[in-house]
Amino acid sequence: MRLDIVTIFPEYLEPLNVSLVGKARARGRLDVRVHDLRQWTHDRHNTVDDTPYGGGPGMVMKPEPWGEALDAVIASGDPGGDGDGPVIVVPTPSGSPFTQETAVELAAEPWLVFTPARYEGIDRRVVEEYGERFRVRELSIGDYVLAGGEAPVLVMVEAVARLLPGVLGNAESHRDDSFAPGAMADLLEGPVYTKPPVWRGRDIPEVLLSGHHGRIARWRRDQAFRRTARYRPDLLERCDPAALDAEDRKLLAELGWAERPDGRFGPTAQDVEE
Ligand code: SAM
């Protein structure tokens, strides 16, 4: 997979040289190219921003350097060879939420171009212009506002890269993750433990030593339900009732959840037990 990142702070992307993404680059699984937006400016001060039309505080990123940068990056190749060009990922707090599902979709693409902005964002015409010719995804990593899009790019790249074949040591590692697509998609992952079996007088749950795969799987599912009910009841509320077995339903009742007229489950008590 090829990733191009255009930014005014190339050094902000240096973490992409370490750990999982760094290793994937070294192994040739990921081709990451970071570009300095200012190389596409033509004035003495390498200006990338200007005052907003209509007034108001802050500055807006000028369309010209972005246009030249994107033209140059896009002209430099098409890894998919299908003529579709890259998917252009525009980090913005006013985009649609970046979720595990988005990461799975992006991981299936051969080429992504990221446009992390600063100031009040990029002149809108850039998204309009490239949206007519390419697939543009405006994505937010959460309901808060950061000073720039570089940290969101690090977040998205790591989430995408770990899904690529041959990047994680154990290909099964992300199968049971929170939000992983599949039967447990609406559940958070429960607690995990490793050796030693007793630490500071604290045992690990006995079932994990039983070697009984069925009981362990059941325990893990119960823990996932408990955790989701406590921290993300919104996820559990949209859980497909058809995916719930008799044990799940019993546990939900224990946690104070009941079936609603629409067939979905929801909490009946004010405080949900862990
Ligand atoms: N005025 C903009 C707004 O309220 O939507 C905020 C601009 S923010 C200060 C500057 C840049 O940081 C954004 O253009 C985007 O690239 C990035 N950014 C900030 N918060 C983000 C978030 N939650 N998700 C994705 N990108 C974000």
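Counting starts at 1 for both ligands and their atoms, in listed order.
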Could you check whether the rings of Y12 and F9 sit parallel, tilted or perpendicular, using 30° and 60° as the cut-offs? tilted
Answer yes when [X] and [Y] have at least one side-chain N-carboxylate O distance shorter than 4.0 Å, and no when they do not.
{"X": "E247", "Y": "R215", "result": "no"}
{"X": "K250", "Y": "D248", "result": "no"}
{"X": "D123", "Y": "R125", "result": "yes"}
{"X": "R220", "Y": "E189", "result": "no"}
{"X": "E150", "Y": "R118", "result": "yes"}
{"X": "R218", "Y": "D222", "result": "yes"}

Give me the nearest non-hydrogen protein atom to [atom] as residue plus atom name, then the distance to 0.1 Å.
{"atom": "atom 26 (N) of ligand 1", "answer": "T92 N, 3.3 Å"}
{"atom": "atom 11 (C) of ligand 1", "answer": "A117 O, 3.6 Å"}
{"atom": "atom 21 (C) of ligand 1", "answer": "P93 CD, 3.6 Å"}

Counting only nitrogen or oxygen atoms and a 3.5 angstrom limit, does [X] reach ligand 1?
{"X": "Y144", "value": "yes"}
{"X": "I141", "value": "yes"}
{"X": "L146", "value": "yes"}

Do F179 and Y231 share a hydrophobic cluster (ILVMFWY, side-chain heavy atoms under 4.5 Å, transitive)? yes
Membership question, hydrophobic clusters at under 4.5 Å side-chain separation (ILVMFWY): are V32 and L163 in the same one? no
Between [X] and ligand 1, find which residue part has any heavy-atom pair under 4.0 Å and reply side chain, backbone, both or neither.
{"X": "L139", "result": "backbone"}
{"X": "Y119", "result": "backbone"}
{"X": "P91", "result": "both"}

Short list, please: which atoms of ligand 1 are under 4.0 Å from a heavy atom of [X]?
{"X": "G121", "result": "14 (O)"}
{"X": "G149", "result": "12 (O), 16 (O), 17 (C)"}
{"X": "V145", "result": "6 (C), 8 (S), 9 (C), 20 (N)"}
{"X": "S140", "result": "23 (N), 24 (N), 25 (C)"}
{"X": "P152", "result": "25 (C), 26 (N), 27 (C)"}
{"X": "G142", "result": "23 (N)"}

Are the side chains of R249 and P241 in touch, meaning some heavy atoms are under 4.5 Å apart? yes
Using heavy-atom distances, let me know which of E150, E120, M61 sits nearest atom 1 (N) of ligand 1. E120
